[in-house]
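Here is the structure we will look at, set down as structure tokens.
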Amino acid sequence: MDCRIVNAPVKEAAEKIKGEILKSFKEAGDAFVRDFTNAITEMRGESKEELEAFFNESFKDLVSNEESGIPGMIKGLGDLLEMNRTQFASTDHTIAAKIKEARGK
């Protein structure tokens with residue numbers, strides 16, 4: 001299996017994922033929470049309370065939480081991509097240094 005990473009495009013992709021893509025998911029999640037909350041504001045009764053509890057327990061953090069929700073997963077993927085790129089570059093440098101050392105340079 002070949003192993004290769006092209007540094008600049010991977011770095012740009014990681015930055016885009018952790019920047020504008022994360023922002024768009026976060027904004028969409030916040031809009032979803034806001035719109036749902038606004039939609040049920042005027043409701044009254046036990047069903048509203050249960051619907052609100054269900055939403056808060058099952059959806060709110062999923063769509064808007066930057067630590068454990070979809071925005072957090074997007075950020076985590078960007079971080080993983082960046083760490084992979086950094087680790088690959090570091091390993092490549094270490095191997096090259098060992099080869100150079102073995103050559104007596």
Side-chain angles (χ1 to χ4, degrees):
M1 177 185 299
D2 291 341
C3 185
R4 176 178 174 220
I5 193 165
V6 183
N7 197 46
V10 174
K11 183 177 182 180
E12 289 171 13
E15 289 172 352
K16 185 175 182 178
I17 289 168
K18 295 188 300 182
E20 67 183 76
I21 293 172
L22 170 61
K23 181 181 176 191
S24 69
F25 272 87
K26 178 73 171 115
E27 288 174 351
D30 289 344
F32 180 70
V33 170
R34 182 180 57 251
D35 291 348
F36 179 82
T37 302
N38 289 341
I40 67 168
T41 296
E42 298 299 319
M43 291 175 68
R44 298 288 180 261
E46 192 176 337
S47 62
K48 178 203 177 179
E49 292 170 12
E50 290 302 321
L51 181 60
E52 190 170 39
F54 176 66
F55 178 79
N56 288 335
E57 293 166 4
S58 302
F59 295 98
K60 187 175 181 179
D61 282 347
L62 175 67
V63 299
S64 64
N65 191 298
E66 288 186 63
E67 299 299 319
S68 62
I70 293 172
M73 289 184 247
I74 299 295
K75 182 182 181 305
L77 182 59
D79 289 342
L80 179 62
L81 188 59
E82 176 61 20
M83 286 187 286
N84 187 36
R85 181 195 70 81
T86 303
Q87 186 64 38
F88 191 96
S90 174
T91 301
D92 184 56
H93 176 73
T94 300
I95 293 169
K98 292 294 183 186
I99 294 169
K100 187 175 182 179
E101 181 183 308
R103 292 179 40 226
K105 304 282 180 179

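Of the possible donor and acceptor atoms, one in the side chain of Thr91 sits under 3.5 Å from a partner among the backbone N and O of Gln87.
Atoms CD and CD, on Glu52 and Glu57 in that order, are 10.5 Å from each other to the nearest 0.5 Å. Note: Glu15 CD to Leu81 CG = 10.5 Å, rounded to the nearest 0.5 Å. Taken to the nearest 0.5 Å, the CD1 atom of Ile17 stands 5.0 Å off from the CG atom of Leu77. Here Lys23 contributes atom NZ and Asp30 contributes atom CG; the two are 11.5 Å apart, rounded to the nearest 0.5 Å. Rounded to the nearest 0.5 angstrom, Ile99 CD1 and Glu101 CD are separated by 11.0 Å. Here the straight-line distance linking atom CG of Leu51 with atom CG of Asn56 works out to 9.5 Å at 0.5 Å rounding.
Taken together through direct or relayed side-chain contacts under 4.5 Å among Ile, Leu, Val, Met, Phe, Trp and Tyr, Ile70 and Leu80 form parts of separate hydrophobic clusters. Taken together through direct or relayed side-chain contacts under 4.5 Å among Ile, Leu, Val, Met, Phe, Trp and Tyr, Met83 and Val10 form parts of separate hydrophobic clusters.
Listed by first and then second residue, the salt bridge (charged side-chain N to carboxylate O under 4.0 Å, His left out) pairs that reach into residues 66-94 are Lys18-Asp79, Lys75-Asp79, Glu82-Arg85, sequence neighbours excluded.
Residues Phe88 and Asn7 are not in side-chain contact: their nearest non-hydrogen atoms beyond the backbone lie 4.5 Å or more apart.
Taking each heavy atom of Ser68 and Asn65 in turn, the nearest pair found is N-OD1, 2.9 Å.
The aromatic rings of Phe54 and Phe59 stand perpendicular to each other, their planes meeting at an angle above 60°, with 30° marking the opposite boundary.
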